[in-house]
2 protein chains.
Amino acid sequence: MDTAIPTPAPRRNSAGKREQTKAQNRQLILDAARGVFAEMGYGAATVRDIIRATPLASGTFYNYFKSKEEIYQAIRDEVALAIRPLLREERMKATTVEEFISGTFRTFFEFVASDRIDFRTIRHSADTTRVRVDTPEVIAGFDELREDIETAMARGMFAPVDADYLMAAIAGVAFEVAESMMRREVPDPAGAAVFATQLFLGGIRTLPHKRAAAPGG
Amino acid sequence: MDTAIPTPAPRRNSAGKREQTKAQNRQLILDAARGVFAEMGYGAATVRDIIRATPLASGTFYNYFKSKEEIYQAIRDEVALAIRPLLREERMKATTVEEFISGTFRTFFEFVASDRIDFRTIRHSADTTRVRVDTPEVIAGFDELREDIETAMARGMFAPVDADYLMAAIAGVAFEVAESMMRREVPDPAGAAVFATQLFLGGIRTLPHKRAAAPGG
DNA sequence: TCGATCCGTGACGAACCGTCAACTTTTGCG
DNA sequence: CGCAAAAGTTGACGGTTCGTCACGGATCGA
């Protein structure tokens, strides 16, 4: 107590070297996996392909992830963890059903269209097989949506309806329209959001018209 | 040339034995695959598991299907081929947008809830991984839907809107709500159809109310 | 009845998986 | 500093699945 605290201080402001290397390696592997998945698709990729894209040895992979599926889940989780607070905040500040719906779709489509995610990794086999992994983090996102729907109904923002179906409908439209949007030359998150929002608020007959082929030729 | 057509007639009303065996074997393998996929999920199943569930040898599998993915596609195709004409017919006889939308959803949900398909095979790994294979047959189903949407718009059943997005929205709601429906104790295709139809026709505020907890306490 | 053709068979080589004993680096402590 | 314990890395290994292929038996056409 009285003499001197014997400077146990060699602690750098950052972590120890071992911990630092672990974080680096994990990131190294995650980055490699993203690249490999985007390039050849989830199905065709092997754990060896991923590790070959790093300077590490094959056994090391398994110190960080149990399998190809688990690292894919980790990548999905990064996305889920990034978008969930954005969606939640948007819905929290909504006071009308219009804000609730439009905020949800606008945030979702903008996130998907942003370069924050590589959409090929999400769809991740551009050809025929689409794998969707529902990790706890992803499921938590769905649960939050249903909670928020129920809260909004309780607050009288709209009449009580089947929350499970409504959640499913919102999620289905979000995912499928996002996919359609990303197939276009230049994705238009705003347009997709307007479409989805108006569909939910007023139904098909209130959707913005799309002008037909130019009349003048 | 001129003498007599030498009765090439030993043709039975059905096909030759070879052809018959081939059809049998193919069906044998398909049935086994359905069972195996339903039991242990697509990811965990191996080609050997499937062939072990038949009296055939391992090599024979590859005379009929190139891989596990291909046989899964074949199973999906059976479903797609079964439901597509039903959907098409329903949409063909629609004269109003109400009939178009409600016919589509009702037919889809009833088909899913019927025992004509094993829904576990479609979702087919109940736990975390969902694989969706977009085979040509499946894609053709989407194309038909978009065609029919465009035809309906041309006929003035509703104003011209973005057909890609509308198709995506219908498909997204159909698949996700179907999944939600099938998670219930007793699936209610009629209820799901009413929900989806009303969502598309009038928007969220016109959905049938779900009575809240009994008001009288 | 007899060749030609087709198809089922199961063993085989290749590829990938996940593990593990040996080795290297880091850490804690005198 | 030096040393022993702890932690992490390495790559080779046994086990499993994959897809092929040479063989042999069944079917077909004449």
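Here is how names work: the chains are called A, B, and so on, in the same order as the sequence lines, proteins then strands, and each is numbered from 1. These numbers were taken from a predicted model, which means no experiment stands behind them.
Look at A:R91 and A:E99 and you find no salt bridge, because none of the NZ, NE, NH1 or NH2 atoms lies under 4.0 Å from a carboxylate O. Between B:R34 and B:E39, none of the side-chain N atoms (NZ, or NE/NH1/NH2) sits under 4.0 Å from a carboxylate O, so this pair counts as no salt bridge. A:R84 has a carboxylate O that lies under 4.0 Å from a charged side-chain N of A:E144, or vice versa, which qualifies the two as a salt bridge.
One donor-acceptor pair, N or O on each side, does fall under 3.5 Å between the base of C:dT25 and the side chain of A:R18.
Summarising the geometry, the separation between CD on B:Q24 and C1' on D:dT27 is reported as 15 Å, rounded to the nearest angstrom. A straight line from CG of A:L28 to C1' of D:dT9 spans 14 Å, rounded to a whole angstrom. When the P atom of C:dG18 is taken as reference, atom CD of A:E69 falls 11 Å away, rounded to whole Å. Rounded to an integer number of Å, the gap from B:I29 CD1 to C:dC7 C1' is 12 Å. Going from atom CG of B:D49 over to atom P of D:dT16 covers 13 Å, rounded to whole Å. Between the P atom of C:dC7 and the CZ atom of B:R26 lies a distance of 13 Å, rounded to the nearest Å. Going from atom NZ of B:K66 over to atom C1' of D:dT17 covers 19 Å, rounded to whole Å. C:dG18 atom P lies 11 Å from atom CD1 of A:I50, rounded to whole Å.
Between A:F108 and A:F175, the gap from one ring centroid to the other is short of 6.0 Å.
When distances are taken from the side chain of B:V47 to each of C:dC17, D:dG19, C:dG10, the shortest belongs to D:dG19. Taking every side-chain heavy atom of B:R48 into account, C:dA11 is the closest of D:dC28, C:dA11, C:dT27.
Between B:T21 and B:R52, the residue anchored nearer the 5' end of DNA chain D, judged by the nucleotide with its closest heavy atom, is B:R52. Between B:F61 and A:Y62, it is B:F61 whose nearest contact on DNA chain C lies nearer the 5' terminus.
Ring geometry for B:Y42 against B:Y72 counts as tilted: the plane angle lies between 30° and 60°, on a 0 to 90° scale.
B:T46 comes within contact range of the sugar-phosphate backbone alone, with a heavy-atom separation under 4.0 Å but no base atom that close.
When the side-chain nitrogen and oxygen atoms of A:S58 are compared with OP1 and OP2 of D:dG11, none of them lie within a distance under 4.0 Å. Regarding contacts with the backbone of D:dG8, every side-chain N or O of A:N25 stays at 4.0 angstrom or more from both OP1 and OP2. Proximity of A:K22 to the phosphate of D:dG8: a side-chain N or O atom is located under 4.0 Å from OP1 or OP2. The phosphate of C:dG8 has OP1 or OP2 within less than 4.0 Å of a side-chain N or O from B:Y64. A close approach under 4.0 Å does not occur between any side-chain nitrogen or oxygen of A:N63 and OP1 or OP2 of D:dG8.
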